[in-house]
Amino acid sequence: MSNLTGKHISYWIDSTPTANFPVLSHNLSVDVAIVGAGIAGITAAILLKRAGKTVAVIESQQISTGVSGHTTAKITSLHQLIYADLIKNHGEEKARIYAQSNQAALEFVVKTITEEQIDCDFSRQSAYTFAETEENLQDIEKEVEAALKLGLPASFVRETSLPFPIAGAIKFDNQAQFHSRKYLLHLIQQIPGDGSYVFENTRVQKVEEDNSCQVITDQGIVQAQNIIIATNIPIADEGLFFAKTYPKRSYIVGAKISADKAPQGMYIGSGEKYYSIRTTPYEGELLLLVGGGGHKVGAVEDTEEKYLDLENYTRSRFDVESFKYRWSTQDFVSFDKLPYIGKLTPLSQRTYVATGFSLWGMTKGTLSGMILADTILGIKNPAADLYDATRATPFVNPQGIKQNIEVGTHWIGDRLKGWGKNLNDVGIGEGKLVTVDGDKVAAYRDETGNIHAVSAVCPHLGCVVAWNSGEKSWDCPCHGSRFSCTGEILHGPTVKDLKKF
Ligand SMILES: Cc1cc2nc3c(=O)[nH]c(=O)nc-3n(C[C@H](O)[C@H](O)[C@H](O)COP(=O)(O)OP(=O)(O)OC[C@H]3O[C@@H](n4cnc5c(N)ncnc54)[C@H](O)[C@@H]3O)c2cc1C
Ligand code: FES
């Protein structure tokens, strides 16, 4: 096993209490049922409740322990490099709506924190995307030009407080950072009461829309006038969002650093291999968070390497004391760079989704809550058309075609590849794909030597899962479903565990 140090848990989760909302125990009826308690679901819930609607937030695990509990939690409209591309591919008007709506989401979070005096380690910060070499500088310069054209608070800088030289950076003023889970735990406390509810540990299996809507869970049924599916990637297969996005997994380490040695601001690099950098208050000093190592879910088995690379990078660039945390998570990347926010399908009247935040969901998840609440309340949101979830998006752009060919290749190829024949070949702490009496088995041997054998076939659409050594999980390379080493769901789109043998 590796030399990795520090706790293997998200700092945001480790530093906050669990919420302890009840499990759904009887059928009930509300105006709006919201599936998933991450930033998208909770923002929608709070806005709808404030507007007088009754809501039920239904969460399969605990509040904000999904992607929103594992994020880097920068709140910014500087999404690495996007505006030059948006102008080129969607035109200036749409790019401006993207810019303005993400700025509006940022200001919504700031206003909420200020008005409600939420204690969530919030601070205004500048956001930077930097190029370390002259080679990537052109992209930065183009981005500055595009961002200024759209009225964003952008400038070009050659100096930052990073302790290493850069060729240049785009800087956005007046952006922000926070402790995402402290913020969301504060908001969710306002939901229960006056006909509204929050349920944890209640997995939604299916949603149905007829004259009214039904959310069918493993514990009971919630009837509603409208449903919002805010499960990061919709659990409903209609709409094919799993084929219009791809799941990207990425890694974060947290190292203690003294304030006088820490950089000011929030940073992300550019080019092929890049790192994301910010700090947060920690034990009277700071925790330096460094993220990176992104790859498609299920494409890398030795994910411990990703943490080692982050530790090496952090040590080589910063004067850190010790590593305190490491964790990883994933988000769904939209092929046309715009999130999907709106109706599940063109035929849906009352079922809405929000997905495809492309690793920038602190603003886009907030924005989703704002747009979906407006839509349900009959208010025209100026950004709703741009993000229309039923827009014609191409599986036909090159990225989409490649992803969907890869899915087909996995579906067929994984059935043919070399499978182990003997469970004895599975070492302690290892996971391996093995054929046993004709069954395709995903086998994990725990530290006490016991084998945990589950079906290797993903219950979503039948691809074969792959071992992830760093997280000790089974990850599906097709659409990003993940399962624990003993087969329980960690991440959708699946709603079923791996079958146990
Ligand atoms: C490594 C990394 C770093 C990031 N850093 C940033 C950043 O600095 N700034 C930024 O803007 N964005 C960042 N992002 C992106 C951002 O964190 C996400 O886009 C955002 O948190 C997604 O929110 P969500 O509400 O869609 O999903 P989640 O927070 O995952 O919420 C969905 C919830 O639905 C629940 N659920 C799933 N299935 C069911 C079911 N069947 N029944 C009931 N509940 C269910 C899940 O348990 C989960 O709690 C980052 C992403 C990654 C991967
Ligand atoms: S996530 Fe779709 S087949 Fe596994």
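Read the numbers this way: they start at 1 and go in the same order the structure lists the ligands and their atoms.
Residue T65 places every heavy atom at 4.0 Å or more from ligand 1. Residue G291 places no heavy atom under 4.0 Å from ligand 1. Note on ligand 1: G365 sits outside its first shell, no heavy atom being nearer than 4.0 Å. Heavy-atom separations between G492 and ligand 1 are all 4.0 Å or longer.
Considering only residues two or more places apart in sequence or on other chains, E488 meets the salt bridge (Lys or Arg N to Asp or Glu O under 4.0 Å) condition with K500. With sequence neighbours left out, H186 forms a side-chain hydrogen bond (donor to acceptor under 3.5 Å, both in side chains) with E116, Q190.
The contact set between ligand 2 and H460, taken as ligand atoms under 4.0 Å from a residue heavy atom, comprises 1 (S), 2 (Fe), 3 (S), 4 (Fe). Each of the following atoms of ligand 1 lies closer than 4.0 Å to a heavy atom of M362: 9 (N), 10 (C), 11 (O), 12 (N), 16 (C), 17 (O), 21 (O). Numbered from 1 in the order shown, with element, the atoms of ligand 1 that lie under 4.0 Å from a heavy atom of A230 read 32 (C), 33 (C), 34 (O). Ligand 2 places these atoms under 4.0 Å from at least one heavy atom of G462: 3 (S). Counting atoms of ligand 2 from 1 in the listed order, those under 4.0 Å from a heavy atom of S481 are 1 (S). Ligand-side atoms of ligand 2 in range of C458: 1 (S), 3 (S), 4 (Fe), range being under 4.0 angstrom from any heavy atom.
Below 3.5 Å of separation, one finds an N or O of T71 facing an N or O of ligand 1.
When T363, T76, T366 are each tested for a side chain to side chain donor-acceptor pair (under 3.5 Å) with N102, only one passes: T363.
Put simply, H479 stays out of reach of atom 4 (Fe) of ligand 2, with no N, O or S atom under 2.8 Å from it.
Electrostatic pairing of D173 and K171 counts as a salt bridge here, judged by a charged N lying under 4.0 Å from a carboxylate O.
In the candidate list T494, N232, T231, T329, T231 is nearest to atom 38 (N) of ligand 1, counting heavy atoms.
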